[in-house]
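Accompanying notes for the structure given below.
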Amino acid sequence: MNPLLSVRGLGISIGPANPVDSVSFDVNASEMLGIVGESGSGKSLTLRALLQLLPPHARTTGTATWQGRDLLAMPADDIRRVRGREVAVIYQEPMTALDPVLTIGLQITESLNVHLGLRGAAARVRAVQLLDRVGIPDAKRRLDNYPHEFSGGMRQRAMIAIALAAEPKLLLADEPTTALDVTIQDQILKLLLQLKEDLHMSVILVTHDLGIVAGTCDRVAVMYAGRIMESGPVYSVFRAPAHAYTLGLMRSVPNPAHARQLLSGISGTPPEPSHMPPGCRFAPRCGFATPQCSEAPPPLRECGPAHQTACIHADRIRQSVRVTA
Ligand SMILES: Nc1ncnc2c1ncn2[C@@H]1O[C@H](COP(=O)(O)OP(=O)(O)OP(=O)(O)O)[C@@H](O)[C@H]1O
Ligand code: SF4
Ligand SMILES: [Mg+2]
C-alpha cells in the first residue's frame, strides 16, 4: 500500500543556514509517527515546510508527495485547500493559535464554514459534537466561552476540535502537550490516540520526549541538527537502538527504577545551522566517533526490518547496549 505522505530529500535553507537537510520519511494511513530530537533539530521547520508555512525567505528542496501531488510545489490556492481540510496542525501553545477575542464556538464554526461550507444551526450542532468529542464537559454552554475562560488543557482540546472540524486525514501535532502539566499531558495524548483510531487519521507527533513516543507512536524518526539519524518501528528502535544519538537520548531519560543512578546523557550542544560539521553532524558530541565519521555524511541504511540508521558504527552501538543491559 502506498504511504499517505512520502517525504524525500527535504532540505530547507534560510539565508546561508541549512537547518534541515535530506530528510526523508513516510507516513502510512492510520499510523502515528513520532519525530523526536533536541531543541533546534529542525522538527518544527519540517512540519511547517509540508504546508508551505515557512518564512517567505526560506527555500525548500526535495518532494513531499500527498495524494499524488507534491505539497512543496503546490500553487498557493491549492495548498490553502489542503491546509486544515486534508492536513491540520496543532501547536504547543494553543493560546497563540486561538483568537482571544472570539468565542471558542465561533472559531470552530468558522473552521466548519471554511472547510465544509456548514453554516448557522447545522454548524453549531456540529461544533457541540466536536467539543463533546474532545472531552469538554457541558459542550453546548462552553461554546460561548472565550479562550481565557478555558484551562490550558481545555484550550488544547478546543484546538484539537478546530483541527478536526474538517476530518483531516493527517494531523501535524507540534509538541501539543509540552506546555501542559503531566496529568493533563497524559489525557491529551490518550485523546489523540483515541481520535486516531476512531477517525482513521494519521498523526505526526513532534516531541523532545522519548517517553511520549514510546507510549503513543507506531514508528519514530530521530532528528539531529536537521537530519534524520535513525528511524523505524518504535519497539525496534527502543529495543535495539542503532545510532549513538538515539542511545544518548535514551540514556537521558530518568529511570525511576534507578533513581539514584547518574544520567549519562549527551554532553555539549547541537551545532548552529550555519556551521554544521562535515560528515556525521553528531560527531563532535559522540563518544563512539572515529575519524571516518567526519569524512562524509553517513546516509541512512537498513539495519533491521523497516529500521534505518545513519550511524556507521551501528554494530558498536548495539554491542554497547547489550553489554550495559
Ligand atoms: N525563521 C527562521 N529563520 C532563521 N532560522 C530559523 C528560523 N526558524 C528556525 N530557525 C532555525 O532552524 C533550526 C531548527 O528550528 P526548529 O524550530 O525547526 O527546531 P525544533 O526542532 O522545532 O526545536 P524546538 O524543540 O525548540 O521546537 C534552529 O536552529 C532555529 O534557530
Ligand atoms: S556515525 Fe560516528 S559520529 Fe556519527 S553517531 Fe555514529 S559513531 Fe557517532
Ligand atoms: Mg519546534
Side-chain angles (χ1 to χ4, degrees), residues 7 10-21 23 34-60 89-93 96-97 172-179 204-210 212-213 221-231 237 241-252 266-301 303 308-321:
V7 177
L10 172 66
I12 301 174
S13 54
I14 305 177
N18 294 295
V20 172
D21 181 55
V23 162
I35 300 185
V36 69
E38 273 166 294
S39 186
S41 53
K43 307 179 298 295
S44 296
L45 287 180
T46 299
L47 287 197
R48 288 178 167 277
L50 298 178
L51 289 176
Q52 295 189 19
L53 291 171
L54 291 172
H57 55 293
R59 297 283 169 267
T60 54
V89 200
I90 52 171
Y91 298 100
Q92 172 174 341
E93 182 35 82
T96 54
L172 309 179
D174 192 351
E175 311 238 18
T177 60
T178 307
I204 302 181
L205 180 69
V206 158
T207 174
H208 56 258
D209 188 330
L210 274 188
I212 286 182
V213 170
V222 180
M223 268 188 96
Y224 180 78
R227 290 208 183 119
I228 291 184
M229 297 283 142
E230 180 166 11
S231 69
V237 171
H243 197 288
Y245 181 60
T246 314
L247 185 61
L249 282 182
M250 286 170 67
R251 289 184 170 165
S252 305
I266 308 164
S267 60
T269 50
E272 289 296 322
S274 50
H275 292 92
M276 294 295 192
C280 175
R281 291 180 172 183
F282 187 56
R285 302 173 75 190
C286 180
F288 294 85
T290 60
Q292 199 193 346
C293 299
S294 298
E295 283 170 10
L300 278 171
R301 60 182 175 83
C303 61
Q308 298 183 311
T309 178
C311 179
I312 60 174
H313 295 309
D315 292 344
R316 277 172 56 211
I317 310 298
R318 284 184 159 161
Q319 185 64 32
S320 93
V321 175

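In what follows, residues are counted from 1 in the order of the sequence shown. We count ligands from 1, going down the list as the structure has it; atoms in each ligand are counted the same way.
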When you measure from the side chain of K43 to the backbone of G37, do you find a donor-acceptor pair of N or O atoms at a distance under 3.5 Å? yes
What protein heavy atom sits nearest atom 25 (O) of ligand 1, and how far away is it? K43 NZ, 2.8 Å
Kindly identify the option in S274, G42, S39, G40 whose heavy atom sits closest to atom 28 (C) of ligand 1. G40
Which atoms form the tightest heavy-atom contact between M276 and P19, and what is the distance? CE-CA, 4.5 Å
Quick one: which ligand 1 atoms are inside 4.0 Å of a heavy atom on E175? 25 (O)
Considering only heavy atoms from C-beta outward, does the side chain of C303 approach that of R318 to under 4.5 Å? yes
Side chains of L45 and L54 in contact at under 4.5 Å (non-hydrogen atoms): yes
So is A17 close enough to ligand 1, meaning a heavy atom under 4.0 angstrom away? no
Should S41 be counted as touching ligand 1, given the test is an N or O pair under 3.5 Å? yes
Can you check atom 31 (O) of ligand 1: any protein non-hydrogen atom closer than 4.0 Å? no
At a 4.0 Å cut-off, with the gap strictly under it, does some heavy atom of P55 reach an atom of ligand 1? yes
Element-labelled atoms of ligand 2 that are located less than 4.0 Å from some non-hydrogen atom of F288: 7 (S)
Can you see which heavy atom on V23 is nearest to which on V7, and at what distance? O-CG1, 3.5 Å
Which atoms of ligand 2 are found less than 4.0 Å from any heavy atom of A283? 3 (S)
shortest atom 2 (Fe) of ligand 2-to-protein heavy-atom contact is with C293 SG, 2.3 Å
Look at atom 8 (N) of ligand 1 and say which protein heavy atom is nearest, naming residue and atom and giving the distance to 0.1 Å. L45 CD2, 3.8 Å
Taking D209 for the side chain and I212 for the main chain, is one N or O donor matched with an acceptor at less than 3.5 Å? yes
Quick test: of every protein heavy atom, which one is nearest to atom 1 (S) of ligand 2, and how far off is it to 0.1 Å? I312 N, 3.4 Å
Whether R48 lies under 4.0 Å from ligand 1, heavy atom: no
Taking the minimum heavy-atom distance to atom 6 (Fe) of ligand 2, which of C311, A242, P298 ranks first? C311
Near S44, which atoms of ligand 1 are under 4.0 Å from a heavy atom of that residue? 17 (O), 18 (O), 20 (P), 22 (O), 27 (O)
So, the side chain of R281 versus the backbone of R227: is there a donor-acceptor pair under 3.5 Å, distance only? no
Do E230 side-chain atoms and V222 backbone N/O form a donor-acceptor pair below 3.5 Å? no
As a check for students: among C280, A244, P277, identify the option with a heavy atom nearest to atom 4 (Fe) of ligand 2. C280
Value for CG (L53) from CG (L172), rounded to nearest 0.5 Å, stands at 9.0 Å
Closer than 4.0 Å to some heavy atom of P19 - which atoms of ligand 1 meet that? 12 (O), 13 (C)
Is there side-chain contact between V321 and P241, with heavy atoms separated by less than 4.5 Å? yes
Could you tell me whether atom 2 (C) of ligand 1 has at least one protein heavy atom nearer than 4.0 Å? yes
Closest protein heavy atom to atom 4 (C) of ligand 1, given as residue, atom name and distance to 0.1 Å: I14 CG2, 3.6 Å
Any side-chain heavy atom of D174 sitting closer than 4.5 Å to one from R48? no
So, is T46 polar-close to ligand 1, with some N/O to N/O distance under 3.5 Å? no
Students often mix this up, so state it plainly: with edges at 30° and 60°, are the rings of Y224 and F282 parallel, tilted or perpendicular? perpendicular
What pair of heavy atoms forms the shortest contact from H275 to P271, and how long is it? O-CB, 3.9 Å
Quick one: does ligand 2 sit under 4.0 Å from the side chain of H243, the backbone, both or neither, non-hydrogen atoms only? side chain
Of all the heavy-atom pairs spanning T309 and A242, show the shortest one and how long it is. OG1-O, 2.7 Å
Which atoms of ligand 1 sit under 4.0 Å from any heavy atom of P273? 29 (O)
Contacting atoms of ligand 2, where contact means under 4.0 angstrom from a heavy atom of C286: 3 (S), 5 (S), 7 (S), 8 (Fe)
Taking 2.8 Å as the cut-off, does S44 contribute an N, O or S atom near the Mg ion (ligand 3), distance below it? yes
